[in-house]
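This report concerns only the one structure given below.
Chain letters run A, B, ... following the sequence lines, proteins first and then strands; every chain starts at 1. A quick note: this is a predicted structure, and the numbers were derived from the prediction, not measured.
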Amino acid sequence: MIDPLTLNFVTETMKGFGTVEPAGKNRFRITTTPDRLRDAIMHVQAMLGCDRLITVSAVDNSRTLELHYHFTGQHRTVITIATGLSRDKPVLATLSDLLLPAGLYERQIHDLFGISFTGHPSLKKLVLNEDFPENEYPLRKDWKPAPGRSYGGTKERREPL
Amino acid sequence: MTEVIIPIGPQHPALKEPVNFRVVADGEKIVRLELDLSYNHRGIEKAAEQRDFIRVLPLLERVCGICSHSHTTAFAKGIEEIMQLEIPPRAQYIRTIIAELERIHSHLLWLGVAGHEIGFNTLFMWTWRDREAVQDTLEEMSGNRVHYGMNEVGGVRCDLTPAQVRAALARLPLLEERVQKYVGMVNEEETMLLRFRGVGKMTKQEALAYGAVGPTARASGVACDARHEDPYLVYAEIPWEVVTDTHGDVYGRTCVRIGEIQESTKIVRYCLEHLPEGNIRVATPKTAPTGECLSRYEAPRGELVHFIRTNGTDKVERIDIRTPTLANWTSVAMCLTGQNIADIPVIVAAIDPCLSCTSRITVIDDREKKKNAITFDELRERSRARWHAEERS
Amino acid sequence: MSVLSEMLVNLLRKPFTILYPTEKVPIPDSFRGRVAITDEKCIGCSKCSLVCPPQAITMVANLREVEFKGKVLVRKKKPQVKVFRCIRCGLCQRHCPTGAIIVVPELSRTGTDREVVVT
Amino acid sequence: MTGKPGNWSQRLVNWARIKSPWITIFNSGGCNACDIEILACLIPRFDVERFGILAKGSPRHADILLVTGPATLKQASRLRRVWEQMPEPKYVIAIGACGAEGGVFHGLYHVMDSVDSVIPVDVYVAGCPPRPDELINAVVTCLGLLAEDIAHGGKEWRQKKAPVSTDTVNPVGEVPV
Amino acid sequence: MDPLLLFIYIFLFPGFLFLFAYALTFEYLDRRIAARMQHRVGPPFFQPFADLIKVLGKEVIDPDGVDRRIFDAAPLIALAAVMTAYLYIPIVGISPLAFEGDLVLVLYLLALPTILLFVLGWLSRNIFSAVGGVRAVTQLFIYEVPFFLALLAPALMAGTWSISGIMVWQQQHLWCLFLQPIGFVVALIGLQAKLERTPFDIPEAETEIVAGPWTELTGRRLALMHLARDASLVCGSALVAALFLGGPQVPWVISPAWLGWIVGFILFLVKTLAVLLILSSIKVATGRIRIDQLNRIGWKYITSAAIVQVAIVLAMNYWWVRA
Ligand code: SF4
Ligand code: SF4
Ligand code: SF4
Ligand code: SF4
Ligand code: SF4
Ligand code: SF4
Ligand code: SF4
Ligand code: SF4
């Protein structure tokens, strides 16, 4: 069993990729920009021994759409790599070739937040039903279902007898 | 024989939950498969942003009917971390007891379902019969067989009476004896060995690369266990071990689960015997300060992660639930290629999928990097049309 | 062999089955079953309807005098629970200040009319 | 093939119908707890085979459809199709709070809120999840209904008695806050 | 035999009426034994009858684009084949229809339902049915060979192709169960496979292909097919009882003749029930194997066991029986 990573070590290793700050017990967050994200992740994998992707979380903080990649490894420290995308045109190159499980998380985020991942092998509707309206992203903060509007699934509604 | 496409699901006897695979098979061999799992999406994450901490717990509990306690504990634990609350030891112990009982019931359930998948209904009957003892204990302690409603932010809702502790302790020896029998059965019963051994193989490297979690990964020799990596509740202070296995196939996953039942039984016994006195909850503020937390929890099926962000109100700003089954699907797709049609249920069941939380993915065949068109599948009608087309050609 | 021996033992043993309608399945005292409301105790504070996750409780108009902590209050509303929407979470019981609404260890009903309510 | 209890053969069929209800389970987006409790009815503790109840994989063979869950938008059309595949006479039991009114998921943006808005439901069961004995009660209620329907010459009489609601508006929109 | 007796024999007792009653009883016992072994109560005695009647009364749904006539006819033919086969099997004493070579006819008739099941599955235009149908014939080719060989051994030993003849021969010598234990085991396994019961329920594996060829069958078609299945269970056990356990032949002479018949009939019941008990235990104690595993095991072990048995019989014939 390897010892947990320390803040100093992480800061030292990740210099040049963004700010490093502790975020809770045994967890560090590295905030970086979208264009450096891929390098940062490869660096984390290679230099910090983070061989497991825990999950990819997306958050809408009303200004930007944040993406958080959570990693861990033998050392049991969680490293979160965070980045922000503009809400108007959220586009990011896919990481599903680098991180195999990320393909699924990306499709889910695409559905719920409307972030497009360029280069993803099949960025299709996944969580929502097939006839859910386009350009409606339920987990965005400003989204509310419009009363009386159809969100799909209605054509199979029970016919009045 | 020409390639046939067999639609499995959304309503299929092997899987009680909706899932849709389209298996492309050449004779009895699977050439590739297309998965479409999002039949159970209900929008819980959105609703969780709109309900306060009291009302959100029953909702999160119902993400999943098997690991209901896992979700509430993961959430409560996360909020408590943000609020910087220390919950009383008695509450911690009670949470652990329920969590481990849940693990026992879930693994017994799994063993039965796995038996059922290979047509060995007798095993299903027997394990589920014994599972009733666990369910009775849970019902006595919490008031419901499945959705225990035990947790609240700041502690647990009901205390254990000495009578309940005694009753639970009294049921454990029987359970241990029964589990010992299952160990024998799994190793002796020929048809089970035939169906489990060498099926759905996954190496340690693959398990890591495809992000497998829980018993699926542990059966391939990856000792990942959130209880060990990020100890919560009382796992840091009580004796227990991570169960691993090196077979890497369905047989290995069975062994890990049975081993975990035995381990969990020990934990439950230890906790019941060492239950500290004291309060079962602390007073909690109505609102949580701005903060965020990644709450990791080892659910029966693997690591469950709640990513919680709060904003100073009595509701969360965002909760992202990553369930173990979701993490395991990529590896399943990998395992299935090249196997027999008859093995689909076993392999899929071997990760113990509980799809109500996970139903949202379409797995593409990563290995061949092939894009599989996942079209709207009009279940039977569609497959019939395919069948016609293939017959004609 | 353990399978065979277990089978034969079972064949000779009395079945494990509870013959349900004739024999009752034991229900523990802690079981959260049907919601029951004691009308005399309810002070109409609406707390239960606020915490109820599926919003199964609606407050309906009902004028009545109730005693609470030695004082007599006039309440305007009383709760009404939709039986088939209740998820038996017990939160109403947990948050009711007077213990007027409780979940009792009894089975709820089955039926053809889903609008059934408990008042 | 529901007929008035006249000749002996019809009476025999009616008797058999009550004695041999085969079920099929459909999860329309619930949390699985209800499904597990249904399976728990098959196990030695409750053993519904005593009543002749068999769980069948093919809806073609089933008499009673047990639906769990609040009917998510995506499952609604599948639910409808499974129901259509069942041969008459068929009955539907909506299990749990979800099946009746969406339960804890009532008003979420991706659910229909009740099974009843997709297919006609005959019996509701309260609980979340109902205990297995409550599920047995539900099937018994359903069989009682069946007997009553037979006595009135078919299922239609009940529908005539109580016309179903004819709303076609999507319930989405009233998200509870 | 005079026509009235023959009529009674064919249609009432021990003919079709008894066959149906006994088939339903068999299904009941099968389910009941399985239930008890699984530590539960099991269905009431009228259950198979109620199921049959109910299914008969259900709506018949035609899958799109199938030939209705074949769909209607196939279950009938299957049932008729099993019923015909049944008439040649000795139930109370020697069957009046017996002729030299009826064993071959019976075996052929008993294989018919499986082939019809395949036809149904293939025609259903349902993918599950089609796969199930293909699995059914694949399985047929695997188990039919050892099953034939295993049943051939008693015939070789007795030097006759008539079931009754073999029975009489056993009467004079010894039960084939003791002479050919390997053959008996192979015959039981073959029977289990023929009836598509676990571990050989591959063609209708519920968790893999819903109900295989049965998926699209509804109403009376399902009922008839089911009845044919139950009847073949009776026929199969009766056949094994006749070939290996001496059938309804009473080992000592009882007069008057009718009493001997009754005793023989009781013996028949006891022996078939014993066979059923074994078959049910196999069903309860095992899981389903895969078709490729069946293929391997079938050819490697079961068929060779059957061949070994035949060889032993030939040797025994040479050294012992002829001597
Ligand atoms: S997939 Fe499940 S957990 Fe995720 S938002 Fe939908 S219902 Fe909630
Ligand atoms: S994983 Fe499946 S069974 Fe478990 S809670 Fe989620 S939906 Fe329910
Ligand atoms: S993966 Fe399964 S056990 Fe875990 S939360 Fe989901 S449903 Fe529950
Ligand atoms: S593992 Fe999941 S799919 Fe299988 S029975 Fe359990 S809940 Fe149903
Ligand atoms: S038990 Fe829960 S769901 Fe039922 S009325 Fe009370 S608060 Fe509402
Ligand atoms: S039942 Fe209790 S919580 Fe509800 S209104 Fe009455 S007093 Fe208030
Ligand atoms: S045991 Fe049989 S009836 Fe039950 S779910 Fe499995 S296949 Fe279906
Ligand atoms: S009624 Fe409750 S237990 Fe049943 S599916 Fe719905 S949420 Fe789950």
Side-chain angles (χ1 to χ4, degrees), chain B residues 47-48 50-62 68 72 115 120 122-123 125-126 128-130 132-133 135-152 156-161 163-164 167 178 180-192 281, chain C residues 1-11 13-20 23-36 45-57 81-82 85-97 99 101-108:
Chain B
Q50 297 163 336
R51 299 190 182 179
D52 56 34
F53 297 146
I54 296 171
R55 287 192 302 146
V56 82
L57 278 168
L59 176 70
L60 290 178
E61 197 163 41
R62 281 155 182 82
S68 50
T72 50
F120 191 11
T122 310
L123 186 67
M125 294 290 176
W126 288 345
W128 282 55
R129 175 195 62 190
D130 301 332
E132 286 297 311
Q135 298 285 283
D136 282 348
T137 314
L138 283 168
E139 192 180 26
E140 265 172 32
M141 287 179 176
S142 70
N144 195 305
R145 285 163 55 93
V146 178
H147 291 312
Y148 323 114
M150 216 34 175
N151 282 321
E152 62 179 33
V156 290
R157 262 171 53 192
C158 29
D159 202 353
L160 299 190
T161 62
Q164 284 169 349
R178 302 290 320 171
Q180 202 54 45
K181 280 223 172 93
Y182 295 131
V183 176
M185 281 180 203
V186 167
N187 285 309
E188 278 172 21
E189 169 61 34
E190 269 307 315
T191 42
M192 259 169 106
R281 63 177 93 96
Chain C
M1 272 313 104
S2 47
V3 178
L4 271 183
S5 62
E6 175 85 20
M7 270 161 54
L8 292 178
V9 169
N10 282 341
L11 194 59
R13 265 196 301 191
K14 191 171 161 289
F16 187 69
T17 311
I18 301 174
L19 302 168
Y20 169 58
E23 278 168 42
K24 291 297 174 211
V25 183
I27 299 178
D29 292 340
S30 51
F31 176 64
R32 296 194 306 268
R34 200 162 54 75
V35 171
C45 69
S46 301
K47 271 214 175 106
C48 52
S49 84
L50 288 176
V51 293
C52 179
Q55 302 191 315
I57 308 181
V81 183
K82 286 190 170 168
R85 202 193 278 187
C86 167
I87 58 168
R88 299 175 177 178
C89 62
L91 282 184
C92 46
Q93 174 177 10
R94 169 93 173 73
H95 291 272
C96 174
I101 187 165
I102 51 170
V103 279
V104 290
E106 281 169 29
L107 300 186
S108 319

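A distance-only check finds no donor-acceptor pair linking the side chain of B:Thr72 to the backbone of B:Pro58 [under 3.5 Å]. Between the side chain of B:Gln164 and the backbone N or O of B:Thr161, at least one donor-acceptor pair lies under 3.5 Å. Put simply, the side chain of B:Glu61 gets close to the backbone of B:Gly149: a donor and an acceptor are under 3.5 Å apart. When atom types are taken as modelled, the side chain of C:Arg85 and the backbone of C:Ile57 share no donor-acceptor pair closer than 3.5 angstrom. No donor-acceptor pair under 3.5 Å is formed between the side chain of B:Arg157 and the backbone N or O of B:Glu152.
Across C:Val103, C:Leu50, C:Asp29, the residue that shares the most heavy-atom pairs under 4.5 angstrom with chain B is C:Leu50. Most heavy-atom pairs under 4.5 Å with chain C: of the set B:Met185, B:Lys181, B:Arg129, B:Glu140, this distinction falls to B:Arg129. Put simply, of C:Arg88, C:Arg94, C:His95, the one with the most heavy-atom pairs under 4.5 Å next to chain B is C:Arg94.
Neither the backbone nor the side chain of C:Ile27 comes within contact range of chain B; no heavy atom of the residue lies under 4.5 Å from a heavy atom of that chain. Interface residue B:Ile54: backbone and side-chain heavy atoms are both found under 4.5 Å from chain C. With a 4.5 angstrom heavy-atom cutoff, B:Tyr182 does not touch chain C via any of its atoms.
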